[in-house]
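All values below come from the heavy atoms of this structure, side chains included, with hydrogens, waters and symmetry mates left out. Atoms within a ligand are numbered from 1 in the order they appear, just like the ligands themselves.
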Amino acid sequence: MSAFKSGLVALIGRPNAGKSTLLNALMGEKLVITSPRPQTTRNAIRCIRTDAASQMVFVDTPGVHRPNNRLDEAMKQAINDTLEDVDVALYLMDSALKKITPEDQYIQKIIQKKKAPVILVLNKIDQIPKSALLEKMDWAKKQGIFADIMAVSAVKSDGVDALIRRIQELLPEGPMYFPDDMVIDKSERFIASEIIREKALKYLRDEVPHGIAVEVTKMHDRKGKHGKTVVDIEADIECEKKSHKGIIIGKGGAMLKKIGSDARQEIEGFLGKKVNLQLWVKVRPKWRDDDWALKDLGYRY
Ligand SMILES: Nc1nc2c(ncn2[C@@H]2O[C@H](COP(=O)(O)OP(=O)(O)OP(=O)(O)O)[C@@H](O)[C@H]2O)c(=O)[nH]1
Ligand SMILES: [Mg+2]
């Protein structure tokens, strides 16, 4: 029997490339949030996939973009910290995008500095004709910096099994770092707050979503009717402006109700328990540039 393999597998790429969607596909279940809006992921989130031959510790990272505020800087730091210990890097590109941007060049530069092998993952192949994909692969081969080039559709889980096999080949021999039943290194509170944020991103428009943070302030089990467990969850949706607060609440509270009911259903599915969710909207001006607020919200340590 061959030796057990393990290591840190980082997902890196521009905002919206599909890193979080691919991570869920690699894990075979939805663990991290995704959205059509860029800059959805804000933390380095570890998800652990264990089988008989290997343990892959995937790290979802925020999309690489030019920092505009302290939150962006904290996100950049999370990416750099992740790459420190990486064993295999998955560099995601949206295969439908024609241009290589300065962000892509920057990512190529930082991953080239690392000794770890880099798999270029051309994602969203369901959106392009085969000829365009072949052209892109040709371009990628010419770069001469990738251990491999693989094409996937993260939403359709196409090419994901092949990618897992390739990662397994590239991983070094190593021990089990985490218990085999552990799938994510975040608390249920964190996951609940992320699900609420995902639903806010889904329904809110324009500039409001980017300035939102969600903080679960209470989460505890109680015995409900017929002895069934109910989880009481209270959370604050924090925004930067009073006018945004009005938009988040909506006419007669309609928007907040929509966000809350969608989030509650998903949290119930995740916890496997009934949930009673109460949301409040608060204004915290300029929190994205406030070190204390970033720490309080878990974006900075
Ligand atoms: N058509 C198609 N859409 C995809 C695919 N993978 C991801 N998407 C969509 O692309 C959007 C961005 O996906 P995310 O997974 O949130 O992207 P991300 O790279 O994690 O983005 P950030 O967290 O902002 O850096 C979502 O609307 C996804 O549904 C794919 O294979 N095909
Ligand atoms: Mg993401």
Side-chain angles (χ1 to χ4, degrees), residues 9-47 58-69 71-80 82-83 89-98 101 103-104 106-107 110-111 119-130 132-133 136 149-164 184-186 190-191 193-205 207 209-214 262 266 288 299:
V9 183
L11 290 96
I12 181 167
R14 282 174 52 196
N16 223 33
K19 299 176 292 298
S20 302
T21 308
L22 180 63
L23 177 56
N24 290 332
L26 288 161
M27 293 298 296
E29 63 177 315
K30 185 188 165 185
L31 292 168
V32 293
I33 66 165
T34 68
S35 94
R37 295 178 188 286
Q39 294 162 44
T40 298
T41 305
R42 289 177 176 164
N43 311 71
I45 303 170
R46 290 167 187 239
C47 290
F58 294 114
V59 193
D60 193 12
T61 63
V64 175
H65 65 283
R66 209 164 289 134
N68 286 316
N69 51 49
L71 172 64
D72 290 344
E73 281 165 23
M75 284 155 67
K76 193 174 171 184
Q77 190 60 46
I79 299 169
N80 290 337
T82 301
L83 288 173
L90 305 183
Y91 168 33
L92 259 80
M93 276 177 97
D94 180 339
S95 55
L97 292 185
K98 295 245 155 51
T101 62
E103 282 81 12
D104 283 315
Y106 172 76
I107 298 166
I110 49 175
I111 55 185
I119 302 176
L120 175 67
V121 181
L122 296 171
N123 187 29
K124 309 197 188 183
I125 57 166
D126 54 291
Q127 287 189 323
I128 57 160
K130 200 143 199 177
L133 177 61
K136 199 96 195 197
I149 300 152
M150 306 200 70
V152 305
S153 167
V155 277
K156 297 194 164 175
S157 275
D158 267 359
V160 170
D161 289 340
L163 179 58
I164 288 173
I184 188 162
D185 75 335
K186 297 281 183 213
F190 174 86
I191 294 165
S193 70
E194 286 283 272
I195 291 171
I196 297 163
R197 195 163 62 84
E198 182 184 66
K199 303 315 170 196
L201 289 172
K202 179 171 162 188
Y203 294 116
L204 295 167
R205 296 273 162 262
E207 87 276 36
H210 280 307
I212 280 180
V214 177
D262 205 347
E266 194 169 318
R288 283 183 289 178
Y299 293 124

Which protein N, O or S atoms sit under 2.8 Å from the Mg ion (ligand 2)?
Ser20 OG, Thr41 OG1
Which of Asp104, Val121, Ile119 passes side-chain contact (heavy atoms from CB on, under 4.5 Å) with Tyr91? Answer is Asp104
Given Val59, Leu26, Asn123, the one that forms side-chain contact (heavy atoms from CB on, under 4.5 Å) with Leu90:
Leu26
Give me the nearest non-hydrogen protein atom to [atom] as residue plus atom name, then the distance to 0.1 Å.
atom                    : answer
atom 31 (O) of ligand 1 : Ala154 N, 2.9 Å
atom 15 (O) of ligand 1 : Thr21 OG1, 2.5 Å
atom 25 (O) of ligand 1 : Lys19 NZ, 2.8 Å
atom 17 (O) of ligand 1 : Gly18 N, 3.2 Å
atom 6 (N) of ligand 1  : Asn123 ND2, 3.1 Å

Nitrogen or oxygen of Ile125 less than 3.5 angstrom from that of ligand 1
no
Do you know which two heavy atoms are closest between Pro15 and Gln39, and how far apart they sit?
CB-N, 3.7 Å
For Asn16 and Pro36, the nearest pair of non-hydrogen atoms, with its separation, is OD1-O, 3.3 Å
Is there a donor-acceptor contact under 3.5 Å linking the side chains of [X] and [Y]?
X      : Y      : value
Ser20  : Thr41  : yes
Ser35  : Thr40  : yes
Asp158 : Ser153 : no

Under a 4.0 angstrom heavy-atom cut-off, which atoms of ligand 1 come close to [X]?
X      : answer
Gln39  : 24 (O)
Ser35  : 11 (C), 12 (C), 13 (O), 16 (O), 26 (C), 27 (O)
Thr34  : 15 (O), 16 (O)
Gly63  : 25 (O)
Ser153 : 31 (O)

Is there a side-chain contact between [X] and [Y] (heavy atoms, below 4.5 Å)?
X      : Y      : answer
Leu23  : Asp60  : yes
Val152 : Leu122 : no
Lys76  : His65  : no
Glu194 : Val214 : no

Any salt bridge linking Lys30 with Glu198? Criterion: basic side-chain nitrogen under 4.0 Å from a carboxylate oxygen.
yes
With the threshold set at 4.0 Å, does a side-chain nitrogen-carboxylate oxygen contact exist between Asp94 and Arg14?
no
Please state which part of Pro38 comes within less than 4.0 Å of ligand 1, counting heavy atoms only: side chain, backbone, both or neither.
backbone
Tell me the nearest of [options] to [atom], using heavy-atom distances.
atom                    : options                     : answer
atom 32 (N) of ligand 1 : Thr40, Thr41, Asp126        : Asp126
atom 8 (N) of ligand 1  : Lys156, Lys124, Arg14       : Lys124
atom 30 (C) of ligand 1 : Val155, Asn16, Asp60, Asp94 : Val155

Close approach of Ala17 to ligand 1, heavy atoms, under 4.0 angstrom
yes
Would you say Arg288's side chain and His210's backbone share a donor-acceptor pair under 3.5 angstrom?
yes
